[in-house]
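Let me begin by handing over the structure; questions about it come next.
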Amino acid sequence: MASDSLANLRERLLSFARERGWEQFHTPKNLCCALSVEVAELLEHFQWAPTGADQTRDEIKQEQLADEIADVLIYVVRLADVLGIDPIDAADKKLVRNALKYPVDRAKGNATKYSEL
Ligand SMILES: [Mg+2]
């Protein structure tokens, strides 16, 4: 995902909110609540799926999953904007820290938490 497309999305989401007078509702708390709900809606698609099973996803299911992923992304991008955080920069920095916490030679093929590697 190109960073400029994310910046473009951020601007379109801000315009969407401004046009509707919704900025007043986009507090960090409200956006975190909305994000949590959307993550739960995404998770719901996998609820009760047998552990380890690869679900068969038909076209409708894919569209529903795409809708929920879009909702999650929209709220993450909106929240980051309200908080003045560049999500790509934050993710880049986090990835560097994760690489240090999970060195390939110890973490490869291993789902153990870094503190127990
Ligand atoms: Mg949703």
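Here the structure is a predicted model, which is why all the values come from computation and not from measurement. FYI, the numbering just counts along the sequence from 1.
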Starting at CG of L117, measure out to NZ of K101 and round the result to the nearest 0.5 Å.
10.5 Å

For the pair Y102 (side chain) and Y114 (backbone), establish whether a donor and an acceptor sit closer than 3.5 Å, ignoring hydrogens and angles.
yes

How many angstroms lie between atom CD1 of I88 and atom OG of S5, to the nearest 0.5 angstrom?
7.5 Å

Paired with K93, the side-chain contact (heavy atoms from CB on, under 4.5 Å) test is passed by just one of V96, D89, L95, namely D89

Atom CG of L35 and atom CG of D71: how far apart are they, to the nearest 0.5 Å?
10.0 Å

Please answer: with hydrophobic residues joined when any side-chain heavy atoms are less than 4.5 Å apart, are L14 and V72 in the same cluster?
no

So, the side chain of K61 versus the backbone of H45: is there a donor-acceptor pair under 3.5 Å, distance only?
yes

Check whether any side-chain heavy atom of L9 lies under 4.5 Å from a side-chain heavy atom of L73, and answer yes or no.
yes

Taking the side chain as every heavy atom from C-beta outward, state whether L13 and D81 have any pair of such atoms under 4.5 Å apart.
no

Test side-chain contact (heavy atoms from CB on, under 4.5 Å) applied to T27 and V82, step by step
CA-CA 7 Å; T27 63; V82 167; over 6 Å; no

If you round to the nearest 0.5 Å, how far is CG of L65 from CD of E44?
11.5 Å

Are the side chain of N30 and the backbone N or O of F25 linked by a donor-acceptor pair below 3.5 Å?
yes

What I want to check is whether the side chains of N8 and R12 have a donor and an acceptor closer together than 3.5 Å.
yes

Assess whether atom CD of E41 is packed by more than 12 heavy atoms of other residues, nucleotides or ligands within 6.0 Å.
yes

Using a 6.0 Å distance limit plus a 45 degree cone around the ring axis, check whether R20 lies over the aromatic ring of F16.
yes

With rounding to the nearest 0.5 Å, note down the distance linking CG in L83 to SG in C32.
7.0 Å

Rounded at 0.5 Å granularity, tell me how far CG in D67 sits from CD1 in I74.
9.0 Å

Shared hydrophobic cluster for L31 and W22 (ILVMFWY, side-chain gaps under 4.5 Å)
no

